[in-house]
Amino acid sequence: MKLPRTTLILILLALGLGGFVYLYEIRGATVREEIYEQKQQIFSFAEDDVQSLTVKTKKLTLNLERSSESSNPKWLIKSPISGPANDAIVSYLMDLLVKGKSDRTLSTPVKELGEFALDQPQATINIILKNRQSHQLILGKSNFNGRFLYAQADSAAKPDGNINVLLVSTDFANAVNRELSEWKQPVDNSQKLPGLSTPLPTPTNGK
């Protein structure tokens, strides 16, 4: 049966509208979500890209470098002492740097950075990649409810003169505010105590 021309036009319009809704609402939402996720990522490098880290807190400046050997540990402390690093502690920090996201971004005049304690930060993390590119994360104080830290990442001023202030996880503070002893490779206490140098005498029956 041949459809009336008006009905055919309406069907084509409905199909076209359905295609538009799919492309804009469904497919478009996926693309917008990907863009949103990219904007939230603090850094874009991978863990294997990192060659060295410098962690500076109010109590300690620690220099870490990836080991050139494939065996454990993967990380070495270069200063203030020399020795193997605690891979679990370094990996915890690396995971935050690679996967960490910003909850929000605030465009802030440079003169107001002191309000976030970014002029005298609690910690600064300098990252050097294998390709010699450098990145930096500056950690300020907690926000009003203590859920996030104010931070700056690669904080060059924008054309309007403002700086992007990020809200990042408080896990960053837990990761870097450590004693030097925590950064060192733990001593293996699983070794058995040495045995006696001489055997005990064999008991007798008194004869």
Peer 1: Using modelled atom types and a 3.5 Å cut-off, is there a donor and acceptor pairing between side-chain atoms of Asp154 and backbone atoms of Gln136?
Peer 2: yes
Peer 1: Spell out, yes or no, whether Leu93 and Ile128 are grouped together once hydrophobic residues are joined by side-chain heavy atoms under 4.5 Å, including indirect joins.
Peer 2: no
Peer 1: For Leu118 versus Leu139, what's the shortest heavy-atom pair and its separation?
Peer 2: CD2-C, 4.1 Å
Peer 1: Does Ile42 form a side-chain contact (heavy atoms from CB on, under 4.5 Å) with Leu137? I'd like the steps, not just the answer.
Peer 2: CA-CA 9 Å; Ile42 299 174; Leu137 184 67; 4.2 Å; yes
Peer 1: Could you pull out every donor-acceptor pair under 3.5 Å between side chains of residues 78-89 and any protein atom, sequence neighbours left out?
Peer 2:
unit_1 : atom_1 : unit_2 : atom_2 : d
Ser79  : OG     : Asn63  : ND2    : 2.4
Asn86  : OD1    : Ala88  : N      : 3.1
Asn86  : OD1    : Ile89  : N      : 3.4
Asp87  : OD1    : Lys74  : N      : 3.1
Asp87  : OD1    : Trp75  : N      : 3.2
Asp87  : OD2    : Lys74  : N      : 2.8

Peer 1: Does Lys99 have more than 12 heavy atoms from other residues, nucleotides or ligands lying within 6.0 Å of its NZ?
Peer 2: no
Peer 1: Nearest 0.5 Å, what's the CD1-OG distance between Ile127 and Ser134?
Peer 2: 9.0 Å
Peer 1: With heavy-atom distances below 4.5 Å as the criterion, would you say the side chains of Ile77 and Trp183 are in contact?
Peer 2: yes
Peer 1: Quick one: does Asn164's side chain have a donor or acceptor within less than 3.5 Å of a partner on Thr105's backbone?
Peer 2: no
Peer 1: Testing the basics here: between Val50 and Met94, what is the closest heavy-atom pair and its distance to 0.1 Å?
Peer 2: CG2-CE, 3.4 Å
Peer 1: Please step through side-chain contact (heavy atoms from CB on, under 4.5 Å) for the pair Leu113 and Val110, ending with a clear verdict.
Peer 2: CA-CA 6 Å; Leu113 292 179; Val110 175; 4.3 Å; yes
Peer 1: Test of understanding: clusters of I, L, V, M, F, W, Y form through side-chain heavy atoms closer than 4.5 Å, transitively. Do Leu166 and Phe43 belong to the same one?
Peer 2: yes
Peer 1: Count I, L, V, M, F, W, Y as connected when their side-chain heavy atoms are under 4.5 Å apart, and connections chain through other members. Are Leu76 and Leu97 then in the same cluster?
Peer 2: no
Peer 1: Between Leu53 and Asn126, does a side-chain contact (heavy atoms from CB on, under 4.5 Å) hold up when you go through it step by step?
Peer 2: CA-CA 6 Å; Leu53 294 169; Asn126 291 303; over 6 Å; no
Peer 1: Within this structure, what is the NZ-CG distance for the pair Lys184 and Leu62, rounded to the nearest 0.5 Å?
Peer 2: 11.5 Å
Peer 1: Give me the atom names and distance for the closest heavy-atom approach of Asn131 to Gln133.
Peer 2: OD1-N, 3.0 Å
Peer 1: Count I, L, V, M, F, W, Y as connected when their side-chain heavy atoms are under 4.5 Å apart, and connections chain through other members. Are Phe45 and Val55 then in the same cluster?
Peer 2: yes
Peer 1: As an exercise, state the distance from CD of Glu47 to CG of Asp49, rounded to the nearest 0.5 Å.
Peer 2: 10.0 Å
Peer 1: Applying ring pair (Phe, Tyr, Trp, His ring centres under 6.0 Å), can you list everything that pairs with Tyr92, at least two apart in sequence or on another chain?
Peer 2: none
Peer 1: Tyr150: what forms a ring pair (Phe, Tyr, Trp, His ring centres under 6.0 Å) with it, not counting sequence neighbours?
Peer 2: Phe116
Peer 1: Within this structure, what is the CD1-CG distance for the pair Ile125 and Leu64, rounded to the nearest 0.5 Å?
Peer 2: 10.5 Å
Peer 1: Check the pair Lys59, Glu179 against side-chain contact (heavy atoms from CB on, under 4.5 Å), reporting the backbone distance first and the verdict last.
Peer 2: CA-CA 8 Å; Lys59 296 193 301 182; Glu179 300 294 333; 2.7 Å; yes
Peer 1: On a heavy-atom basis, which atom in Ile138 and which in Pro121 lie closest, and how many Å separate them?
Peer 2: CG2-CB, 3.4 Å
Peer 1: To check you understand the geometry: which heavy-atom pair defines the closest contact between Gly140 and Leu149, and what is its length?
Peer 2: O-CD2, 4.1 Å
Peer 1: Once side chain to side chain donor-acceptor pair (under 3.5 Å) is applied, do any residues pair with Gln185, and if so which ones, sequence neighbours excluded?
Peer 2: none
Peer 1: Under 3.5 Å, side-chain donor or acceptor atoms of residues 169-176 against the rest of the protein: list the pairs with distances, not counting sequence neighbours.
Peer 2:
unit_1 : atom_1 : unit_2 : atom_2 : d
Ser169 : OG     : Asp171 : N      : 3.0
Ser169 : OG     : Asp171 : OD2    : 3.3

Peer 1: Give me the atom names and distance for the closest heavy-atom approach of Lys130 to Gln51.
Peer 2: CG-OE1, 3.7 Å
Peer 1: When you compare the side chains of Ser107 and Asn162, does any donor N or O come within less than 3.5 Å of an acceptor on the partner?
Peer 2: yes
Peer 1: Of all residues at least two apart in sequence or in a different chain, which pass the salt bridge (charged side-chain N to carboxylate O under 4.0 Å, His left out) check with Arg178?
Peer 2: Glu182
